[in-house]
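This report refers to the structure that appears directly beneath it.
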Amino acid sequence: MQRLDQKFEVFFDGDCPLCRREIDMVRRLDKSGRLILTDIGSPLFVPTDVSLETLMREIHGRFPDGVYVTGVEVFRQIYDRIGFSFLVVPTRWPVVRHALHPAYRCFAYFRFQLAKRRMARGNCHQNSCPRTTTAIIDSAAVPLPLKEN
């Protein structure tokens with residue numbers, strides 16, 4: 001079982017205005033410093049065990065032991081750590097949980113399509129577009145050790 005006092009790394013697309021806005025808010029609220037916020041859109045980012053395309057397709061988080069989680073579970077981990085546990089509890093209720101997962105997957109799919117268009121047009125910050133576009137077109141997804149939601 002992962003503890004909330006442990007660090008949790010969040011991989012986000014800093015070229016996505018919506019993602020950047022959310023992470024800026026999270027950064028301000030993370031008073032305890034329990035989140036490591038990694039911008040996968042940065043030219044300094046070098047993927048290791050997970051391809052850039054996989055990270056771009058949906059939000060990923062990583063526990064200190066190397067276990068990855070994706071989607072809604074990442075947001076649960078974030079909001080638990082910034083003191084919004086009251087928002088997390090209902091997301092674990094069966095009816096809500098079963099509605100959130102497909103809704104997030106739909107959002108992630110469309111966000112990824114928009115990101116691919118943005119990168120193809122070169123509308124990215126920090127000159128990351130050429131590296132990112134090539135990586136998304138040419139990479140193959142790598143299986144992850146995922147934690148069950």
Side-chain angles (χ1 to χ4, degrees), residues 1-119 124-126 128-129 131-133 135-136 139-149:
M1 184 59 131
Q2 304 297 331
R3 296 188 342 242
L4 292 179
D5 61 342
Q6 291 180 317
K7 295 272 187 178
F8 182 72
E9 185 172 15
V10 178
F11 297 93
F12 73 96
D13 178 6
D15 291 326
C16 167
L18 180 64
C19 305
R20 203 171 46 244
R21 190 173 308 132
E22 177 82 5
I23 292 298
D24 286 346
M25 181 208 55
V26 166
R27 188 177 281 119
R28 283 191 310 274
L29 295 171
D30 183 25
K31 307 284 187 218
S32 304
R34 290 184 276 182
L35 296 170
I36 301 165
L37 305 171
T38 302
D39 181 359
I40 63 174
S42 167
L44 302 176
F45 176 70
V46 178
T48 55
D49 52 344
V50 178
S51 74
L52 182 59
E53 180 176 2
T54 300
L55 293 171
M56 289 291 287
R57 286 187 177 277
E58 66 180 319
I59 193 166
H60 284 68
R62 181 171 55 189
F63 292 104
D65 63 2
V67 173
Y68 284 84
V69 292
T70 60
V72 175
E73 185 59 28
V74 175
F75 293 103
R76 287 183 187 123
Q77 294 297 322
I78 291 169
Y79 285 101
D80 266 343
R81 283 171 173 75
I82 62 173
F84 286 18
S85 296
F86 65 94
L87 293 175
V88 173
V89 171
T91 71
R92 296 189 192 284
W93 298 341
V95 172
V96 176
R97 184 179 67 236
H98 292 300
L100 281 177
H101 288 283
Y104 174 77
R105 294 239 186 252
C106 183
F107 166 79
Y109 172 81
F110 286 108
R111 193 214 71 81
F112 180 63
Q113 299 308 311
L114 290 171
K116 285 195 309 186
R117 282 192 210 123
R118 183 186 68 240
M119 288 181 281
C124 304
H125 76 291
Q126 301 175 349
S128 61
C129 293
R131 177 192 61 82
T132 305
T133 305
I136 286 180
S139 69
V142 175
L144 303 174
L146 291 176
K147 178 183 175 191
E148 291 297 317
N149 292 335

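Computed over heavy atoms, backbone and side chain alike; hydrogens, waters and symmetry mates excluded.
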Between Phe12 and Ile23, which heavy-atom pair has the shortest distance, and what is it? CG-CG1, 3.6 Å
Does any non-hydrogen side-chain atom of Phe11 lie less than 4.5 Å from one of Val50? no
State the CD-CD1 distance between Glu22 and Ile78, to the nearest 0.5 angstrom. 7.0 Å
Rounded to the nearest 0.5 Å, the CG atom of Leu29 sits from the NZ atom of Lys31 at a distance of 6.0 Å
Taking atom CZ of Phe75 and atom OG1 of Thr91, what is their separation to the nearest 0.5 Å? 11.5 Å
Taking all non-hydrogen atoms of both residues into account, name the closest pair between His101 and Arg97 and its distance. CD2-O, 2.9 Å
What are the two closest heavy atoms between Cys19 and Arg111, and how far apart are they? SG-CD, 3.7 Å
Measure across Gly33 and Lys7 and return the closest heavy-atom pair with its distance rounded to 0.1 Å. O-NZ, 2.5 Å
Evaluate the ring planes of His60 and Tyr68, with Trp represented by its six-membered ring, and classify them as parallel (under 30°), tilted (30 to 60°) or perpendicular (over 60°). perpendicular
Contact between Val72 and Arg76 at the side-chain level, heavy atoms closer than 4.5 Å - yes or no? yes
Asp24 (side chain) donor-acceptor with Arg28 (main chain) under 3.5 angstrom: no
Would you say the side chain of Val10 lies within less than 4.5 Å of the side chain of Ile59, judging by non-hydrogen atoms? yes
Can you confirm whether Leu18 sits close enough to Phe107 that some side-chain heavy atom of one is under 4.5 Å from a side-chain heavy atom of the other? yes
Measuring from Leu114:CG to Cys16:SG, what's the distance to the nearest 0.5 Å? 8.5 Å
Between Asp13 and Ala115, the two heavy atoms sitting closest are OD2-CB, 4.1 Å
Exactly one of Leu44, Thr38, Ile40 clears side chain to side chain contact (heavy atoms under 4.5 Å, CB included) with Ser42, and that residue is Leu44
First locate atom CZ of Arg27, then atom CD1 of Ile82, and finally report the distance between them rounded to the nearest 0.5 Å. 12.5 Å
Rounded at 0.5 Å granularity, tell me how far CD in Gln6 sits from CZ in Phe8. 10.5 Å
Do NZ/NE/NH1/NH2 and the carboxylate oxygens of Arg20 and Asp39 come within less than 4.0 Å? no
How would you list, by chain and number, every residue that makes a side-chain hydrogen bond (donor to acceptor under 3.5 Å, both in side chains) with Asp80, sequence neighbours excluded? Ser85
Glu73 and Gln77: which non-hydrogen atoms are nearest, and at how many Å? OE2-NE2, 2.8 Å
If you count heavy atoms of other groups shown closer than 6.0 angstrom to OH of Tyr109, is the number above 12? no
Under a 4.5 Å cut-off applied to non-hydrogen side-chain atoms, are Arg62 and Asp49 in contact? yes
So with a 6.0 Å cut-off around CZ of Phe86, is the heavy-atom count from everything else above 12? yes
